[in-house]
Protein chains: 2
Amino acid sequence: MSPARTDSERVELANTALYEAVERGDTTAMGELWLDDSGADGIEVSCVHPGWPVLRGRAEVLRSYALIMASTDYIQFFLTDVEVAVAGDTALVTCTENILSGGPAEEEGELGPLVGQLVVATNVFRRVGEQWKVWSHHGSPVLAGREDEEDGPDAADGPAGPDGGAGA
Amino acid sequence: MSPARTDSERVELANTALYEAVERGDTTAMGELWLDDSGADGIEVSCVHPGWPVLRGRAEVLRSYALIMASTDYIQFFLTDVEVAVAGDTALVTCTENILSGGPAEEEGELGPLVGQLVVATNVFRRVGEQWKVWSHHGSPVLAGREDEEDGPDAADGPAGPDGGAGA
């Protein structure tokens, strides 16, 4: 990490590293990327995987990643629409995760069927010394996409909101 | 707002106010609750409704709420499992939204069928003077709940992660 990099660039690298750790199944890297929340300041990490309830605290969050990585033979994230905002020692990243993954093989030596998936994420980072650490990850499925619109998604035509059972 | 209140209490009040504004269909209150992101600092608000793509910027976010509120005859949020963490001028709230809502009436003067829905949210706030303003809201459907577990959700038994098509 060159000192010439801006905060915004460093945050984007940390964001990318989070997904690369999942791709590699690298639990050690994952542990280093997340904020150490064992201090007395009451700041706890949190994580919402698509469709999951909230997980809180390093132990629970890292365990969930270990389980996901253990049950995934192949996963690749193509990040698009990445936006970074830095405010003091906090940064907030929103992005679209275009996921290609394969489940456990049905026969030895073969990948399971590949599945494409569209997830949007809000990731929050805290500055710790020279590094940006993950404070919160929230990923959720996009139940109907209008990604190809020139004017961006039109809420009126988007998936149903809280009133329409999108969460059912 | 009494000055004797802690930051954490003030953040929780701001978080509650966000949901109360939706319940009342109060677009003016909604506009006051969200951060003014028109400054030159590049900080933009963002919002993910359950199942939706990312919305960015006050205009798009507030328009989405106006549309949701206009299409919802009745909605009530029972917030549970609310956790607040304050770090400097940023606060992060995670909570479960137990939603009861009614769609447009099929016959005049009657509510549409009531729908229950379980959503988890990560809400980020910025301190602006004495107030805490919403910087980011991300809500997502819980596709299978283990809310009644004494030891908290067990990831191994939770809904499928990125590998399992929870977002499909």
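A quick note: this is a predicted structure, and the numbers were derived from the prediction, not measured. The chains referred to below are lettered A, B, ... by the order of the sequence lines, with proteins before strands, and numbering in each begins at 1.
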Item checked: Heavy-atom pairs under 4.5 Å with chain A, option from B:Ser46, B:Ala85, B:Ala87 with the top count ->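 Maximum pair count with chain A is reached by B:Ala87.
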
Item checked: Residues A:Arg127, A:Asp7: salt bridge by 4.0 Å N-O rule ->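 Looking at A:Asp7 together with A:Arg127, the answer is yes, because their closest N to O distance falls below 4.0 Å.
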
Notebook entry, point to check: Out of A:Val124, A:Ile43, A:Leu92, which one racks up the most heavy-atom pairs below 4.5 Å with chain B?
Noted result: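 The residue among A:Val124, A:Ile43, A:Leu92 with the greatest pair count is A:Leu92.
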
Check: Where does the angle between the aromatic ring planes of B:His137 and B:Tyr65 fall among parallel (under 30°), tilted (30 to 60°) and perpendicular (over 60°)?
Finding: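 Judged by the thresholds at 30° and 60°, the geometry between B:His137 and B:Tyr65 is tilted.
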
Check: Should the ring pair B:His138 and A:His138 be called parallel, tilted or perpendicular, given that the plane angle runs from 0 to 90° and is split at 30 and 60?
Finding: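 Judged by the thresholds at 30° and 60°, the geometry between B:His138 and A:His138 is parallel.
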
Next item on the list: Could you look at B:Ala70 and say if it's the side chain, the backbone, both or neither that has a heavy atom under 4.5 Å from chain A?
Entry: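 Looking at B:Ala70, nothing touches chain A.
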
Note to self: Can you tell me which portion of B:Val86 sits under 4.5 Å from chain A's heavy atoms? Options are side chain, backbone, both or neither.
What the structure shows: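 The backbone, not the side chain.
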
Checklist line | Donor-acceptor contact present, side-chain A:Lys133 to main-chain A:Glu32, <3.5 Å | finding: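 It does hold such a pair.
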
